[in-house]
Each structure stands twice: as C-alpha cells, then as structure tokens.
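Worksheet: the structure to be examined is printed underneath.
Below, chains carry the letters A, B, ... as their sequence lines are ordered, and counting in each starts from 1.
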Amino acid sequence: MEIKFYNSLTNNLETFTPLIPNKVSMYVCGPTVYNYPHIGNMRPVVVFDTLRRFLSYVGYDVTYVSNFTDVDDKIIKEAKAEHKTEKELTEFYINEFLKVTKLIGSLPPTITPKVTEYMEKIIDYVDRLVKLDAAYVKDGDVYFRVSKIADYGSLSNINIDDLIVGARIEENTQKESPLDFALWKKTSEGIAWDSPWGKGRPGWHTECCVMIDSIFSQSQIDIHGGGYDLKFPHHENEIAQAEAMHHNKIARYWMHNGFINFGNEKMSKSLGNVIYAKDMINQYGGPVTRLVILSTHYRQPVNFTEDTIKTAMSEITRIQQAYKQGAILLQTNHIDLSLGQPKYIEKFLSYLSDDLNTSNALTEVFNIVKEVNQISRSKEIDLEKLNDLIKTLKDMFYVLGLDLSYPLLNEEDLSLLEAYNTARREKDYAKSDEIRALLINKGIL
RNA sequence: GGUUCUUUAGCCAAGCUGGUAAGGCAAUUGACUGCAACUCAAUGAUCGCUGGUUCGAAUCCGGCAAGAACCUCCA
C-alpha cells in the first residue's frame with residue numbers, strides 16, 4: 001500500500017518510504033509538565049497515536065518516542081509556588097498526562113524519555129557542538145551559532161533578514177546574533193546541573209535532538225511530529241543542530257498538527273478558556289473527545305463547541321449501538337465472533353494512507369455501520385457477512401483508538417434474551433418489560 | 001511587515017494532479033414498532049466575490065474581501 005504524507009519540510013504530499021524497510025522511527029515532541037494537560041495537548045496525542053496505530057496495523061514495526069520535558073523555567077516557577085521540588089511536581093503531572101492519554105484511547109509510546117534522564121548526554125552533545133564551532137560559550141551560557149547553518153529557516157520558510165528586521169527580538173548582548181539560541185543556560189534559581197560551563201540547565205531545543213540521537217540507532221529518523229506552533233523556532237533549531245552534528249535534517253518527514261480552538265477562540269490562559277483534558281473526558285468520555293479530534297483532518301484547526309461535542313456524542317451512540325446489536329445478534333445465533341474477517345477495511349485504510357485522512361476514514365465507519373444495521377433488520381440475516389462487518393468495525397476502532405466494545409453474553413444472558421423475545425411474541429408485555437429492564441441494566445440492550 | 005493557512009448546505013466536514021459536489025449531526029416526511037429506544041428510506045448546497053485559462057473548474061492562474069495562526073521557548 002502506498003502511503004502519503006504531507007511533509008511540512010517541503011510543503012508537499014510525499015510518498016512515505018521508511019529509511020529501514022518495514023521499520024518506522026517516529027518522534028513527537030511531548031509536553032512540558034507543569035500543569036494539568038489541556039484539551040489542546042490531546043491533539044498531537046490523538047493524531048500521532050492514530051498514525052502509529054495505522055502504521056502498525058498495515059505491518060510496520062513502529063518505534064514511537066514521545067518525551068516529557070521536565071526541566072524548564074515554568075516548572076521551576078510552579079514548583080516554587082507549590083512548595084514542591086521540581087521532581088515532585090513533574091512526576092505528578094507526568095502521571096496526570098499518562099492517565100488522560102489512556103482515557104482518550106492512546107497507547108503508551110514505545111519509549112517516553114524524560115529530559116532529566118539525559119543530562120549527561122545533553123552536556124556531551126552541547127560540548128561537541130562547541131568543539132565543532134557551531135556553538136560558543138559566553139559567560140556560562142552556551143549559544144548555537146545560527147550563521148553556521150546555510151539554509152536556516154528552511155522548515156518554516158523564514159527569511160533570516162525578515163526575521164531580524166520585522167520581529168520583536170529581545171535585547172541580548174550576550175549573543176553574537178539575535179537568532180542564536182541557548183543550548184545551555186547558566187542558572188542561579190531552581191534545579192541545576194554541573195557542566196563544563198558552570199551550573200545550569202539545558203535549552204529546550206537541544207533536548208529533543210539528544211533524545212533522538214540516543215534512543216534511535218540512526219542519525220536520522222523517519223517522522224518527526226508536533227504541534228504547528230513548534231515549527232518555529234523549536235523544530236527549526238532542532239534541524240540546525242542536526243545539520244551541524246550529522247549534516248541532515250534529523251527527520252525525513254515533518255508532520256505538524258493544527259490547533260484546537262474552544263468556541264472559536266484559541267485557548268489561552270489570558271482568555272481564560274483553557275479546558276483541562278480530564279474535565280472534558282470525564283464529562284463526555286474518551287471516545288467522544290477523541291472523535292471530535294478525528295473528525296477533522298489533522299492539519300486543520302478543530303473547534304470544540306457545544307455543537308461539535310453534541311454531534312460527536314450522537315455519532316458515538318450510533319456507532320456503538322450498531323456494533324453492540326450486531327455482535328449480540330451473532331451471539332444469539334451461536335456464531336463464533338473470533339472467526340470473522342475484516343473483509344471490508346481496505347477503503348478505510350486507503351483513506352488513512354492518504355495523509356491520515358481520518359475524516360474520510362470515518363465515512364467508511366459509517367458505511368459499515370449502516371450495512372450492519374441493514375443486515376441486522378433484514379428477514380434473512382447473512383450471519384457470515386455480519387460477522388465480517390463486525391470484525392471490520394473492530395479493527396477500525398482499533399486503528400482509530402476508539403474504545404468501543406460489545407458485551408460477551410453468557411448462557412444466562414442468552415436465555416434472558418430468548419425469554420424477552422418469547423414474551424414479546426406472546427404479547428406478555430408485563431413480563432417483557434421486566435426482562436427488558438434487566439437487559440438494559442446489564443448493558444445488553 | 002514576513003510566513004503559513006482558511007472561506008463548501010442550519011452546524012461539523014471531505015473532495016482541490018479539472019469532467020457538473022462524500023459522510024455525519026440537526027430538521028421534515030414516510031416505514032417499522034405493544035410502548036420506549038434503536039433502525040431503514042426519502043428530501044437540501046454550484047462550492048466567499050471577481051476576472052482568466054479550458055470543450056469543461058469547488059478544484060489551475062490573477063485580483064479583491066473576510067478570518068486564523070506563527071515570527072524565541074504556547075501542542
């Protein structure tokens with residue numbers, strides 16, 4: 001199957017070919033853990049988890065790495081405010097992040113490195129950049145020398161001159177050029193590590209490079225993902241460092257997800273409309289939250305509104321209902337559910353192979369749902385086909401990370417169902433209503 | 001100022017290497033039904049505006065309008 005991705009590096013739809021046949025290496029910038037994850041943090045979590053599931057499903061051996069940034073000014077500040085150590089704070093929020101990630105149906109990445117675990121390697125990496133003359137030391141700080149990189153700005157299409165002229169660039173007399181960025185910062189406050197340049201902590205952009213270098217056995221990986229906002233400067237600077245170190249752009253395919261808006265506004269603290277992921281998920285459930293995200297193509301913005309959430313709720317109910325009823329019908333006919341084949345999944349997969357078009361993939365889910373409903377209501381039920389359809393749905397839900405299931409009926413359930421149907425046939429409605437209540441209670445009807 | 005992007009039925013949204021518009025939600029009508037839930041069927045848009053290219057454009061090119069994000073640490 002040919003897989004295509006939109007590569008942010010070239011702004012083109014490109015055929016995906018992994019560096020190593022049948023293996024995929026992907027890295028996605030994870031959160032800085034100083035607060036509860038908000039709903040916007042769930043976009044990359046859902047998008048890249050779906051990508052990973054899809055690639056695995058079609059047969060690739062995927063190594064998916066997503067980090068936790070557990071060293072940062074905001075962390076130091078928040079730890080101080082909460083009277084905790086940085087470690088206590090970050091461990092708490094890492095745990096919160098993991099919880100919410102699971103609730104929204106994302107698998108744990110293959111590896112989730114923390115920056116603090118890579119300090120030695122980070123220092124070594126910075127040191128090597130200094131020795132390569134790609135970085136310079138200034139009074140305990142270490143800065144990357146952007147002028148060393150000929151095509152700096154290639155990812156974000158930023159013209160260096162425009163950047164210097166047009167943008168607000170802070171005064172920093174330490175730097176040779178305003179574009180230079182910190183690899184290592186001298187610090188006097190909060191957690192710090194010893195380094196050849198004195199006590200300090202690493203700059204944000206270096207961490208990801210080091211973790212990629214350390215974890216993957218290759219100097220360049222296949223896919224690098226993250227939020228759109230990270231394109232500049234974060235990813236641009238990762239590329240600059242990799243250019244200096246390995247003369248490559250660190251990743252072949254760069255994928256950036258769009259943002260989540262809330263009620264047509266960007267979520268931000270100053271607007272006071274930040275929604276925590278845990279609140280949204282607790283109120284509406286993981287599948288609904290995930291469906292809102294998947295119903296739009298990953299590069300487009302998603303807007304969470306009362307309407308879009310309500311729509312997703314109706315859709316999940318509809319999908320779940322068909323799945324459940326179909327599976328129950330099979331069980332009452334004593335069909336072995338493990339025997340079905342995902343015969344109708346090809347189109348679904350081909351949609352996903354087209355730059356992860358989840359929106360179109362979902363239309364295939366609805367097509368199958370409709371077929372299940374039609375068959376379930378027909379006079380002569382084609383049980384074999386129904387079984388294949390249910391199995392198809394099952395695999396689709398797996399790939400999309402939608403945590404939907406059907407009840408497995410035991411003997412007692414089966415005889416209850418039969419009694420219910422018999423009572424209805426004999427128009428003994430008092431009895432059938434009684435049994436119906438039982439069945440609804442058990443989640444079967 | 002620069003960069004990237006968006007504008008498709010009431011709402012969400014796909015299509016955008018050109019050939020008269022997927023899907024879902026909501027709504028209306030009909031069918032099924034002991035009641036309820038579920039379900040099935042039917043019904044709607046010429047694609048922001050405007051030029052151009054073409055036998056033919058939502059899809060390509062130009063202009064205009066409106067909106068969004070990013071431009072040093074926010075996914």
Just the rounded figure in Å: distance from C1' of rC70(B) to NE2 of His235(A).
14 Å
Where the side chain of Phe259(A) is defined as all heavy atoms beyond and including C-beta, which of rG24(B), rC35(B), rA75(B) is the nearest nucleotide?
rA75(B)
Between His256(A) and Ser8(A), do the side chains contain an N or O donor and an N or O acceptor separated by less than 3.5 Å?
yes
Integer angstrom distance from the C1' of rG2(B) to that of rG56(B):
38 Å
Is it the case that the ring center of Tyr143(A) lies less than 6.0 angstrom away from the ring center of Phe181(A)?
no
Any side-chain heavy atom of Gln325(A) sitting closer than 4.5 Å to one from Leu445(A)?
no
Looking only at side-chain atoms of Ser314(A), point me to the closest of rA14(B), rG34(B), rC25(B).
rC25(B)
From the options rC12(B), rC11(B), rA41(B), select the nucleotide whose nearest atom is closest to the side chain of Lys370(A).
rA41(B)
NA contact type, Lys185(A), heavy-atom cut-off 4.0 Å: base, sugar-phosphate, or nothing?
base
Using the C1' atom on both, measure rU8(B) against rG44(B) and round to a whole Å.
14 Å
Polar pair under 3.5 Å, donor/acceptor by atom type, side chain Ser432(A), base rG34(B):
yes
Looking at rG44(B), which nucleotide sits across from it as a Watson-Crick or G-U wobble partner, both distances under 3.5 angstrom, or is there none?
none
From CZ of Arg377(A) across to C1' of rC32(B) the rounded distance in Å is 8 Å
Can you check the distance between rA13(B) and rA9(B), where both ends of the measurement are the C1' atom (answer in whole Å)?
11 Å
What is the distance, to the nearest angstrom, from the CD atom on Gln241(A) to the P atom on rU72(B)?
18 Å
Which nucleotide, rA69(B), rG23(B), rC40(B), lies nearest any side-chain atom of Tyr228(A)?
rA69(B)
What interatomic distance, in whole Å, is found between C1' of rC70(B) and the corresponding atom of rA75(B)?
13 Å
Fit a plane to each ring of Tyr36(A) and Tyr93(A), take the angle between them on a 0 to 90° scale, and name the class: parallel (under 30°), tilted (30 to 60°) or perpendicular (over 60°).
perpendicular
Euclidean distance, atom CD of residue Glu236(A) to atom P of rU4(B) [Å, nearest integer]:
13 Å
Counting heavy atoms from C-beta on, name the nucleotide in rA22(B), rA75(B), rU4(B) closest to the side chain of Ile260(A).
rA75(B)
Partner lookup for rU20(B), please. Criteria are Watson-Crick or G-U wobble with both distances under 3.5 angstrom; report none if nothing qualifies.
none
Taking rA37(B) as the reference, what is the distance to rU29(B) when you measure between their P atoms (whole Å, please)?
15 Å
Name the pairing partner of rG62(B), where a pair is Watson-Crick or G-U wobble with both distances under 3.5 Å, or state none.
rU50(B)
Could you tell me whether His205(A) contacts a base, only the sugar-phosphate backbone, or nothing, with contacts defined as non-hydrogen atoms closer than 4.0 Å?
nothing
Heavy atoms from C-beta onward define the side chain here; which of rA13(B), rA75(B), rU4(B) lies closest to that of Ser359(A)?
rA13(B)
Would you say the base of rG34(B) and the side-chain of Asp433(A) have a donor-acceptor pair closer than 3.5 Å?
yes
Taking any heavy-atom pair under 4.0 Å as a contact, classify Arg318(A): base, sugar-phosphate, or nothing.
sugar-phosphate
Heavy-atom check, side chain of Tyr406(A) versus side chain of Lys394(A), under 4.5 Å:
yes
Distance-only side-chain donor-acceptor flag, Asn67(A) / Tyr118(A), under 3.5 Å:
no
Just call it for Glu364(A): base, sugar-phosphate, or nothing, with non-hydrogen atoms closer than 4.0 Å on any strand.
nothing
Rounded interatomic separation in angstrom, taking CH2 from Trp204(A) and C1' from rC73(B):
5 Å
For Asn373(A), answer base if it contacts any base atom (sugar-phosphate contacts may also be present), sugar-phosphate if it contacts only those atoms, and nothing otherwise; contact means non-hydrogen atoms under 4.0 Å.
sugar-phosphate
When you get a sec, tell me which of rU72(B), rA75(B), rC40(B) is the closest nucleotide to the side chain of Arg43(A)?
rA75(B)
Could you check whether Asp229(A) gets within reach of a base, just the sugar-phosphate, or nothing at all, counting any heavy atom under 4.0 Å?
base
Side chain of Gln300(A) only, heavy atoms from C-beta on: which candidate in rU6(B), rC35(B), rA22(B) is closest?
rU6(B)
Counter-base of rC5(B), judged by Watson-Crick or G-U geometry with both distances under 3.5 Å
rG67(B)
The nucleotide from rC38(B), rA14(B), rC5(B) with an atom nearest the side chain of Tyr6(A) is rC5(B)
Of the listed nucleotides rC40(B), rA36(B), rC71(B), the one nearest the side chain of Phe232(A)
rC71(B)
Inspect the contact between Glu434(A) and Lys431(A) and indicate whether a charged nitrogen and a carboxylate oxygen are less than 4.0 angstrom apart.
no
For a quick check of understanding: with a heavy-atom distance under 4.0 Å over all strands, which category does Gly40(A) fall into, base, sugar-phosphate or nothing?
base
Between His235(A) and His205(A), ring centroids under 6.0 Å:
no
Looking at every strand, decide which applies to Phe366(A) at a 4.0 Å heavy-atom threshold: base, sugar-phosphate, or nothing.
sugar-phosphate
